[in-house]
Amino acid sequence: MSFYPQIKQFFLGKSLPTSAHSEERLSNAAALAVLSSDALSSVAYATEEILLVLVTAGSGALGLSLPIAIAIIALLGIVVLSYRQTIRAYPNGGGSYIVARENLGLYPGLVAGGSLMIDYILTVTVSISAGTAALTSAIPALQSHTVLLCLIFIFLLMLANLRGVKESGQLFMVPTFAFIVSIFLLIGIGLFKYSTGQVPAAYPALPATEGISLFFILRAFSAGCTALTGVEAISDGVLAFKAPEWKNARLTLLYLGVILGFMFVGITYLANIYHIVPEDGQTVVSLLGRVILGTGPIYYFLQIVTLLVLMLAANTSYADFPRLCYFLARDGFLPRQLSLLGDRLVYSNGIILLSSCAGILAIIFKGEVNAIIPLYAVGVFTSFTLSQAGMVRHWFQGQTSNWRASALMNGLGAFATLIVLFVIISTKFILGAWLVVVAIPLVVALFAAIHQHYQYVAQRLSIQDLAPRSYISIPKPAVITHPAVVVVGQLNRGTVEALDYARTIADEIVAVHVDIGSTNREKLQEKWQNLQSDIPLEIIDSPYRSVIDPIVDFVTQFKELHPDVFTTVIIPVFVPRNWWDSVLHNQTTLFLKNALRAKKNRIVTTVRYYL
């Protein structure tokens, strides 16, 4: 156990004080790299998903990929223009959970939050799987190690984010813009070779196993809609921009839409004119690279930057998922542990949760992008729809300048994304989308159950009905024989009973509370004077957000004042109705008791309050 702090520090680095917590402001170019890598990287697999559906209808159906891509770009334009309205209305950042909850109510907000959580987990799984596919396409010998490579990449991302590596614009710009340049270079050389007649004459003869129908075309369309994932990231991260934040965010979102549109249509057009047919073990981008660029250094550079940008796309979720969990935990819909900053000023528990879920999915689906994609877009378009519908209500309630035009734009966005959501569910339901359709209401039900538990605990521990107590102040004896330290987390009924117990055994009592940066000191002192005015309350600052170490240090110093007697450390703890409810609460008592025993504190008493 003594080696744990050293091991943790070796991998994650030294703890950072809360005062070091600051946001890095990004230029438009840097923000495009940091916040748009998820959306931009989708061109690595979106065209392939369309072709994988069309190829089942024979080689003659593959030509439909271009009109389908154009329809998706039209939808992209609607979504981009809609989110530009969201950025204007929420200049401090307007994620789908916040917008939906504020304007549509609690449960629509929870549906949006649950959808986004699932989307972020799938984003990591899909991006890492697609990046691994880019690597194994270039080096086929690694294909048998696909799952292991996925897990290694997820672990490396988790470790980097637990260390609190800031989203450095300079760091992110290199692979993101290298990927953009590589794709446009591929498109440019491909068009040049096409204009000089250096392309395959026709598709190979492919047997048709399905007929072309409206449902079939809609299925291919829904598969390609994965190109729109990540578009909302800029509206979530408005405050990361340099001033004027919201104007720069709107402009960057427009840049994203234009660049993504040209890359997606360009790759799809090349796949058409070069008669690319999807193959096992090769991505469409890799197939195009081999045909257009050959297998020289430029081809391998394309595959490497594709891998890197897909890892950055996964990293976007590592920025947004813990932040979303923080908001939900703060509101009482997720375990409170997810709202706490870790040693490196990141939401460590959220990062670990995201990595664990993504790793499990990578194992279940064996790192195959095509197996995970059917689950992907349901959560994205659910949050799109609720966010845009919430914006319509926002404009009607506020009626600020140009509100009618803004409401019309967001209304069009809500309608378009709702139609696409129905298309995705109907065409992909049997293929795996049913898992997400079922998972979203289950996640919302989990939110509601957690919130109900926290409300019950707050009600049972509340001191609102306790009358102010007046204790007879007993003079301190000349010789102290039974000193006691009472640990105070929150002033609740459990704390009051622990203090009552301390009065029965001790002739000198001091209470200690650790402020990790979230304590309202004036309010706590006022309540303390009303209930426990005869016992002094020491409030200790903890700049590194640790509760354990400051208490252990305080107890050690207090014992030095009474070296010849035993000091009792009293820890109040409430016991929930069911053992599984303990998961929703910090296990501070357990860690504190272990730390006090390690310092050879002989008497550590737990006063239990049964809920």
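Only a predicted model underlies this, so the values are computations on that prediction, with no experimental measurement involved. Because only heavy atoms are used, hydrogens play no part in the values below, and waters and symmetry mates are left out as well, while side chains stay in.
At most 12 non-hydrogen atoms from other residues, nucleotides or ligands lie less than 6.0 angstrom from CD1 of Ile430. Within a 6.0 Å radius of CG in Leu418, more than 12 heavy atoms belonging to other residues, nucleotides or ligands are found. Atom CZ of Arg393 is surrounded by 12 or fewer heavy atoms from other residues, nucleotides or ligands within 6.0 Å.
When every heavy atom of Leu386 is checked against every heavy atom of Ala112, the shortest pair comes out as CD1-N, 3.6 Å. Taking both residues in full, the closest heavy atoms of Arg88 and Trp395 are given as NH2-CH2, 3.7 Å, listed atom of the first, atom of the second, then distance. Scanning all heavy atoms of the two residues, the minimum distance from Pro278 to Leu287 falls at CA-CD1, 4.3 Å. Considering every non-hydrogen atom in both Lys428 and Ser222, the closest pair reads NZ-O, 3.4 Å. Taking every heavy atom of both residues into account, Ala31 and Phe241 meet most closely at CB-CE2, 3.2 Å. Considering every non-hydrogen atom in both Ala44 and Leu310, the closest pair reads CB-CD1, 4.2 Å.
Atoms CD1 and CG, from Ile128 and Leu361 in turn, are 13.0 Å apart once rounded to the nearest 0.5 Å. Summarising the geometry, atom OG belonging to Ser27 is positioned 5.5 Å from atom NZ belonging to Lys242; distances are rounded to the nearest 0.5 Å. Here the CZ-CZ distance, from Phe447 to Phe333, works out to 9.0 Å after rounding to the nearest 0.5 Å. Interatomic distance, CD1 of Ile73 versus OG1 of Thr268, reported as 7.5 Å (0.5 Å rounding). In this structure, the separation between CG on Leu54 and OG on Ser59 is 11.5 Å, given to the nearest 0.5 Å. Rounding to the nearest 0.5 Å gives a distance of 14.5 Å between OG1 of Thr316 and CZ of Phe321.
Residues Leu135 and Phe153 have side chains in contact (heavy-atom distance under 4.5 Å, counting atoms from C-beta outward). Between Ser82 and Thr86, every side-chain heavy-atom pair lies at or beyond the 4.5 Å cut-off. Residues Ser286 and Gln303 meet the side-chain proximity criterion, which asks for heavy atoms closer than 4.5 Å. In this structure the side chain of His394 never reaches within 4.5 angstrom of the side chain of Asn410, judged on heavy atoms. With a 4.5 Å cut-off on side-chain heavy atoms, Val43 and Val285 do not count as touching. You'll find the side chain of Gln282 reaches within 4.5 Å of the side chain of Arg290, heavy atoms only. When side chains are defined from C-beta on, Val443 does not count as touching Leu110, because their heavy atoms never get closer than 4.5 Å. Between Tyr45 and Val126 the shortest side-chain heavy-atom distance falls below 4.5 Å.
At least one donor-acceptor pair under 3.5 Å links the side chain of Asn248 to the backbone N or O of Pro244. Proximity of a side-chain donor or acceptor of Glu49 to a complementary backbone N or O of Ile373 within less than 3.5 Å is not detected. Side-chain atoms of Thr125 come within 3.5 Å of backbone N or O of Ile121 as a donor-acceptor pair. Remark: the backbone N or O of Thr56 is paired with a side-chain donor or acceptor of Thr209 at under 3.5 angstrom. The main-chain N or O of Ala414 is found under 3.5 Å from a side-chain atom of Thr417 such that the two form a donor-acceptor pair. No donor-acceptor pair closer than 3.5 Å links the side chain of Ser36 to the backbone N or O of Ala33. The backbone N or O of Ser115 sits nowhere less than 3.5 Å from a side-chain atom of Asp119 that would complete a donor-acceptor pair. Although no hydrogens or angles enter the test, the distance criterion places no donor-acceptor pair under 3.5 Å between the side chain of Ser387 and the main chain of Phe384.
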Assess whether side chain to side chain contact (heavy atoms under 4.5 Å, CB included) is satisfied between Phe381 and Ile424, documenting all intermediate values. CA-CA 9 Å; Phe381 279 89; Ile424 292 171; 3.5 Å; yes
Leu149/Thr136 under side chain to side chain contact (heavy atoms under 4.5 Å, CB included): CA gap, chis, key distance, verdict = CA-CA 10 Å; Leu149 288 170; Thr136 56; 4.3 Å; yes
- [ ] Step by step, work out the side chain to side chain contact (heavy atoms under 4.5 Å, CB included) result for Leu75 and Cys225.
- [x] CA-CA 9 Å; Leu75 177 63; Cys225 282; 4.1 Å; yes
### Query
Step by step, would you call Tyr83 with Gln388 a side chain to side chain contact (heavy atoms under 4.5 Å, CB included)?
CA-CA 8 Å; Tyr83 269 101; Gln388 298 312 307; 3.5 Å; yes
key: Step-by-step side-chain hydrogen bond (donor to acceptor under 3.5 Å, both in side chains) determination, Tyr347 to Ser339   = CA-CA 7 Å; Tyr347 298 110; Ser339 67; over 6 Å; no
Pairs of donor and acceptor atoms involving the side chains of residues 254-263, under 3.5 Å and at least two apart or interchain, shall be tabulated with distances.
none

Compile the donor-acceptor pairs under 3.5 Å between side chains in residues 350-357 and protein atoms, sequence neighbours left out, one pair per line.
{"from": "Ser355", "atom 1": "OG", "to": "Tyr318", "atom 2": "OH", "distance (Å)": "2.8"}
{"from": "Ser355", "atom 1": "OG", "to": "Ile351", "atom 2": "O", "distance (Å)": "2.9"}
{"from": "Ser356", "atom 1": "OG", "to": "Ile352", "atom 2": "O", "distance (Å)": "2.8"}

Could you go through residues 175-194 and list every donor-acceptor pair under 3.5 Å that involves a side-chain atom there, pairing it with any protein atom two or more places apart or in another chain?
{"from": "Thr176", "atom 1": "OG1", "to": "Phe172", "atom 2": "O", "distance (Å)": "3.0"}
{"from": "Ser182", "atom 1": "OG", "to": "Ala178", "atom 2": "O", "distance (Å)": "2.7"}
{"from": "Lys193", "atom 1": "NZ", "to": "Ile292", "atom 2": "O", "distance (Å)": "2.6"}

Check: residues 210-220 side-chain donor-acceptor pairs under 3.5 Å, at least two apart:
{"from": "Glu210", "atom 1": "OE1", "to": "Arg219", "atom 2": "NH1", "distance (Å)": "3.2"}
{"from": "Glu210", "atom 1": "OE2", "to": "Arg219", "atom 2": "NH2", "distance (Å)": "3.3"}
{"from": "Ser213", "atom 1": "OG", "to": "Phe216", "atom 2": "N", "distance (Å)": "3.3"}

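Ser383 and Tyr97 share no side-chain donor-acceptor pair at under 3.5 Å.
When the salt bridge (charged side-chain N to carboxylate O under 4.0 Å, His left out) test is applied to Arg101, the partners found at least two apart in sequence or on another chain are Asp331. Applying the side-chain hydrogen bond (donor to acceptor under 3.5 Å, both in side chains) test to Thr226 and every residue at least two apart in sequence or in another chain returns nothing. When the salt bridge (charged side-chain N to carboxylate O under 4.0 Å, His left out) test is applied to Glu368, no partner is found at least two apart in sequence or on another chain. Arg250 pairs by the salt bridge (charged side-chain N to carboxylate O under 4.0 Å, His left out) definition with nothing, not counting sequence neighbours. Residues that satisfy the salt bridge (charged side-chain N to carboxylate O under 4.0 Å, His left out) test with Asp38, not counting sequence neighbours, are absent from this structure.
Sequence neighbours left out, the pairs with a member in residues 61-70 that pass side-chain hydrogen bond (donor to acceptor under 3.5 Å, both in side chains) are Ser65-Asn272. Pairs engaging residues 431-441 under the side-chain hydrogen bond (donor to acceptor under 3.5 Å, both in side chains) rule: none recorded [sequence neighbours left out]. Listed by first and then second residue, the side-chain hydrogen bond (donor to acceptor under 3.5 Å, both in side chains) pairs that reach into residues 102-111 are Tyr90-Glu102, Tyr90-Asn103, sequence neighbours excluded.
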